[in-house]
Participant: 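Starting off with a structure, shown below.
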Number of protein chains: 2
Amino acid sequence: MPTPDDAPNAVNPDYWQFANAAASRISQEFPECDVTANRLFVTLFRASSSVIYDFESSIHRPAGGTWASYRMLFALWVAGPLTPHRAAELMGMSRAAVSNLAGNLESKGLLVKQASEADGRSLILHLTDTGQTKIQEVFARQNSRENDWSQALTEQERELLISLLDKIMDHRTAIGAKTRK
Amino acid sequence: MPTPDDAPNAVNPDYWQFANAAASRISQEFPECDVTANRLFVTLFRASSSVIYDFESSIHRPAGGTWASYRMLFALWVAGPLTPHRAAELMGMSRAAVSNLAGNLESKGLLVKQASEADGRSLILHLTDTGQTKIQEVFARQNSRENDWSQALTEQERELLISLLDKIMDHRTAIGAKTRK
DNA sequence: GGCAGGTTGTTAGACCTTTTATTACCTGGT
DNA sequence: ACCAGGTAATAAAAGGTCTAACAACCTGCC
């Protein structure tokens, strides 16, 4: 017969225990600190990394890819051929990361690098037919899993969550947030 | 005189352009797909990685650390001495990642590994005095930056966002989401 | 034309994370 | 007492990310 202290039915005992301990500890040590803000970004990070971990381990690794490789193929699929520079902007990563990623995907035959005619420094990344087929297959499974996760919320809550996250993104310039070059 | 097409004052032109292109492309290719769900998780990932990038590049790297090392020191600060196993649970990462991280932090003199008396296999991670001082300094700056970001939202919106993200976290078990062991 | 300064993709070095395998240790049934 | 099976931390290999430095290339100004 479990006592209340055992909390046997708590949904995320580790997470809650940690979040509560954190709030209590920091407000005791720093009475002036912003507990809600801390809780907000701890929660944002936790939610994001939990969801991505599920996507990667249940879909992309079994399919022979990674989360990063999925993002790259998805970007090329929805935006068409891109320079590495533009791909980096769209995906929010460094040019070096794109270079590394493109090398791996090229060696798997999922994309090709084509020299730009207009600019001798530049390349254009294209999906191969294999890459095109691959991203369509993988996206179908990814989107199905996104749907599973989104059942946590009502349609209205989903729109609300998107708009709150967009509000945070839009605030970047106001606070001079560092962004990848 | 800029035309509307130039969209010179758009807040996140790359982000919006990409999100819109994605929605249009996938719904055209997969009429049955869940565009809102896709938008939701693309947005979640973008927001999380943008915020973390700002934290890491504006606070933790200049202080000689990383986002991961901050999280580890923070966990030990708020929860007290922990076994690597427990630290991994609280931070939501693998035991191997904790082992690696603890090694780096130990070599910087920020924590020590103490052999457990109860179990010959186990360790207990402790902050050193240096580590204690360090996390308090760094947390003050981190929390100040969290406050800057949170100004994007009203107090009510912050609570709402936390509760929506918690709802997603709570949904993990219902869909059998993969979690780190 | 020529050259200074900026841009493009790449590489090197440092760190992080995961999965898989390994070693040391504990625990419970015989 | 013993041994099979499980658990704790670690190591190895593969991949990803960043910054900084690089060579190749472009551009604009003289």
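Here is how names work: the chains are called A, B, and so on, in the same order as the sequence lines, proteins then strands, and each is numbered from 1.
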Participant: What are the 5'-most and 3'-most nucleotides of DNA chain D lying under 4.0 Å from any heavy atom of chain A?
Facilitator: D/dG15 to D/dC26
Participant: Do the non-hydrogen side-chain atoms of B/Leu161 and A/Ile168 ever get within less than 4.5 Å of each other?
Facilitator: yes
Participant: Just checking B/Ala97: base, sugar-phosphate only, or nothing, at a heavy-atom cut-off of under 4.0 Å?
Facilitator: base
Participant: Just grab all the ring-ring contact (aromatic ring centres under 6.0 Å, His included) pairs involving residues 111-136 of chain B, residues at least two apart or on different chains.
Facilitator: none
Participant: Using a cut-off of strictly less than 4.0 Å between a heavy atom of the residue and any atom of DNA chain C, enumerate the qualifying residues of residues 45-62 of chain A by number.
Facilitator: A/Tyr53
Participant: Using the benzene-type ring in the case of Trp, are the ring centres of B/Trp67 and B/Tyr53 under 6.0 Å apart?
Facilitator: no
Participant: Does the gap between the ring centers of A/Tyr70 and A/Phe55 come in under 6.0 Å?
Facilitator: no
Participant: Step by step, work out the side-chain hydrogen bond (donor to acceptor under 3.5 Å, both in side chains) result for A/Ser69 and A/Thr66.
Facilitator: CA-CA 5 Å; A/Ser69 70; A/Thr66 63; 3.3 Å; yes
Participant: A quick test of your reading: do over 12 heavy atoms of other residues, nucleotides or ligands sit less than 6.0 Å from NZ of B/Lys113?
Facilitator: yes
Participant: Would you mind building the protein contact string for nucleotides 20-29 of chain C? One character per nucleotide, 5' to 3', B for base within reach (heavy atoms under 4.0 Å), S for sugar-phosphate only, - for untouched.
Facilitator: ----BBS---
Participant: List in numerical order all residues of residues 66-76 of chain B for which some heavy atom is under 4.0 Å away from an atom belonging to DNA chain D.
Facilitator: none
Participant: Just to be sure I understand the rule, does A/Ser122 reach a base, reach only the sugar-phosphate, or reach nothing, if contact means heavy atoms closer than 4.0 Å?
Facilitator: sugar-phosphate
Participant: Heavy-atom distance under 4.5 Å between the side chains of B/Cys33 and B/Val35, does that happen here?
Facilitator: yes
Participant: I need the minimum non-hydrogen distance between B/Leu165 and A/Ala47, along with the two atoms involved.
Facilitator: CD2-CB, 4.0 Å
Participant: How close do A/Ser57 and B/Lys178 get, heavy atom to heavy atom, and via which atoms?
Facilitator: OG-CB, 3.3 Å
Participant: Under 4.0 Å between any heavy atoms, over every strand shown, what does B/Lys178 touch: base, sugar-phosphate, or nothing? Just pick one.
Facilitator: nothing
Participant: Nearest-Å distance, NZ (A/Lys113) to P (C/dT8)?
Facilitator: 16 Å
Participant: Would you say C/dT10 has OP1 or OP2 under 4.0 Å from some side-chain N or O of A/Asn100?
Facilitator: no
Participant: Do other residues, nucleotides or ligands put more than 12 heavy atoms under 6.0 Å from A/Gln28 CD?
Facilitator: yes
Participant: Take B/Ser94 and A/Thr83, find for each the nucleotide of DNA chain C with the closest heavy atom, and name the residue whose nucleotide sits nearer the 5' end.
Facilitator: A/Thr83
Participant: Under 4.5 Å between side-chain heavy atoms, hopping through other hydrophobics if needed: is there a path connecting B/Leu44 to B/Ile52?
Facilitator: yes
Participant: Taking only residues two or more places apart in sequence or in another chain, which ones pass salt bridge (charged side-chain N to carboxylate O under 4.0 Å, His left out) with A/Glu159?
Facilitator: none
Participant: For the residue pair A/Phe30 and B/Trp77, does the interplanar ring angle fall in the parallel (under 30°), tilted (30 to 60°) or perpendicular (over 60°) class?
Facilitator: perpendicular
